[in-house]
2 protein chains.
Amino acid sequence: MPNIPTIRLLLVDDHPVLRAGLANVLNYEPGITVVAEADDGASAIALWRRLRPDVMLLDLSMAGMDGIETLERLRAEFPDARVLMLTSSEAPEDVRHALKAGAGGYVTKNVRRAELVAAIREVCAGARVIGESVARQLAAGEESGAVSRRELEVLGLVRQGFTNADIGRLLGISERTAKAHVGALLCKLQAADRAEAVARGFERGLLKV
Amino acid sequence: MPNIPTIRLLLVDDHPVLRAGLANVLNYEPGITVVAEADDGASAIALWRRLRPDVMLLDLSMAGMDGIETLERLRAEFPDARVLMLTSSEAPEDVRHALKAGAGGYVTKNVRRAELVAAIREVCAGARVIGESVARQLAAGEESGAVSRRELEVLGLVRQGFTNADIGRLLGISERTAKAHVGALLCKLQAADRAEAVARGFERGLLKV
DNA sequence: GGGTCTATTGGCCGATCGGACAATAGCGCG
DNA sequence: CGCGCTATTGTCCGATCGGCCAATAGACCC
């Protein structure tokens with residue numbers, strides 16, 4: 001076994017209890033050191049600048065700047081930064097966004113310790129790791145067509161109770177076009193009506209509470 | 001200072017990492033001992049039977065039996081059981097359900113360590129504790145009328161894309177009555193149509209992803 | 001005992017929806 | 001340079017929705 005350098009890890013999560021616990025668990029792991037903790041995106045990036053750790057363990061849901069935004073900004077400044085997302089959400093959209101934003105890996109918080117440690121090491125080595133339960137969800141989502149940006153915009157308005165005519169006015173298009181987008185949504189989300197479309201939107205993570 | 005007996009605590013959460021960390025943190029706290037951990041409701045209750053701890057720290061969202069159901073079953077068997085809910089959700093409905101099911105307290109996972117420990121002690125002492133951020137959410141929800149059981153049932157069907165006629169058939173009532181329930185939902189949730197009602201349902205925690 | 005709330009039902013009607021038909025323009029990919 | 005996808009718009013139509021009127025019965029609280 002060659003002498004593997006210790007992995008220096010930056011822990012970012014807005015749950016103090018989880019953070020403390022996690023730091024403790026990880027520091028026990030030989031070859032991993034938690035060099036700092038942050039509870040929001042801004043301080044996470046500031047700490048990265050200062051400490052240049054090997055990897056960031058990043059939560060998706062945080063107050064202020066969320067996980068994705070943090071990830072994007074970090075990668076804009078440090079394109080080689082390795083980041084492992086550690087989150088509660090298995091929503092396909094969240095996973096897709098995270099990976100597109102440059103995440104090196106994505107695991108949910110119910111992973112076992114060994115898996116988490118393995119994932120951290122793999123991400124540091126430059127690999128792409130995705131938790132298996134996450135991967136399953138992702139595969140399920142891929143089956144039916146992807147929702148386009150415009151459709152997502154329309155879904156957001158449907159959610160707010162706007163009629164097709166309203167949506168047309170708000171987006172500067174005809175009612176008929178709005179109708180077409182809603183129709184596409186119903187099809188892609190396999191919904192019978194707009195109410196079910198909204199429900200599916202939440203289920204898939206297209207819409208957030 | 002009189003000799004206060006050590007609080008024996010049962011930790012229930014389906015996130016192994018959080019559990020390990022939390023156990024560590026709490027065991028550090030003088031006067032608190034984590035006597036066991038469980039990752040689902042059934043084993044939580046079994047452990048309670050065997051160990052008779054002083055308090056349970058219980059997560060809301062778990063695979064299989066969820067937190068509320070676990071709480072209900074536990075309280076049915078041990079009406080005096082002290083349970084502190086520790087969860088990510090601030091949804092008023094979740095809080096209401098938990099308190100109605102006999103929870104002694106309700107705090108979110110982003111509490112600081114000191115607050116958590118204080119909450120544990122208070123619950124053990126028989127008090128009702130509610131995190132302040134939680135309390136705020138709860139107060140906001142109280143403003144508009146409460147949704148009845150029947151209406152909630154209807155909302156669940158609306159979510160699935162059923163028409164009023166469908167709902168009537170499914171519930172063994174007339175279409176007109178289903179319509180009345182939907183109308184009541186629109187009013188209470190301040191929604192313009194069923195799509196918005198579904199959205200509000202998710203926002204309020206009436207509906208789960 | 002009276003008031004409040006929920007669940008139930010009826011009819012009427014204009015507004016809205018969702019499906020089916022069909023068509024044009026722009027964009028990225030190979 | 002076609003091929004496919006997205007965005008756009010149109011018309012017609014039956015189904016559905018949501019608001020309006022009003023009414024009865026049971027449960028629960030003060």
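Quick note on labels: first sequence line is chain A, next is B, and so on, each numbered from 1.
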Integer-rounded Å distance: [N] [atom2] and [X] [atom1]:
X	N	atom1	atom2	result
A:Leu185	D:dA7	CG	P	10 Å
B:Glu153	C:dT6	CD	C1'	14 Å
B:Arg169	D:dT16	CZ	C1'	13 Å
A:Glu175	C:dG19	CD	C1'	15 Å
A:Lys188	D:dA7	NZ	C1'	11 Å
B:Arg149	C:dC5	CZ	P	17 Å
B:Leu186	D:dG18	CG	C1'	7 Å
B:Asn164	C:dT8	CG	P	14 Å

Report yes if at least one side-chain N or O of [X] is closer than 4.0 Å to OP1 or OP2 of [N]; otherwise report no.
X	N	value
B:Arg194	D:dG18	yes
A:Thr177	D:dT9	yes
B:Thr163	D:dA15	no
A:His181	D:dT6	no
B:Lys179	C:dG11	no
A:Ser148	D:dA7	yes

Next item on the list: Apply side-chain hydrogen bond (donor to acceptor under 3.5 Å, both in side chains) to A:Arg8 and list each qualifying residue two or more places apart in sequence or on a separate chain.
Entry: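 Per chain and number, A:Arg8 pairs via side-chain hydrogen bond (donor to acceptor under 3.5 Å, both in side chains) with no residue.
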Next item on the list: May I ask you to say what B:Ala184 touches in the nucleic acid, namely base, sugar-phosphate or nothing, with a heavy-atom cut-off under 4.0 Å?
Entry: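 Answer is nothing: B:Ala184 stays at 4.0 Å or more from every strand.
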Checklist line | Distance, nearest 0.5 Å, that separates CD of A:Glu175 from OG1 of A:Thr163 | finding: 7.0 Å
Checklist line | Distance in Å, B:Arg204 CZ paired with B:Lys188 NZ, rounded so as to fall on 0.5 Å steps | finding: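 Going from CZ on B:Arg204 over to NZ on B:Lys188, the span is 10.5 Å.
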Item checked: Given C:dT9, D:dG18, D:dT8, the nucleotide with the shortest approach to the side chain of B:Ile173 ->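 Nucleotide nearest to B:Ile173's side chain: C:dT9.
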Next item on the list: Say whether A:Arg194 and A:Asn164, considering side chains only, have a donor N or O and an acceptor N or O under 3.5 Å apart.
Entry: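 Result is yes, a qualifying pair exists.
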Next item on the list: Test for a donor-acceptor pair under 3.5 Å between the base of D:dT11 and the side chain of A:Arg176, counting only N and O atoms.
Entry: yes
Next item on the list: Might you point out which heavy atoms bring B:Leu86 and B:Thr108 nearest each other, and give the distance in Å?
Entry: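 For B:Leu86 versus B:Thr108, the nearest heavy atoms are CD1-O, 3.8 Å.
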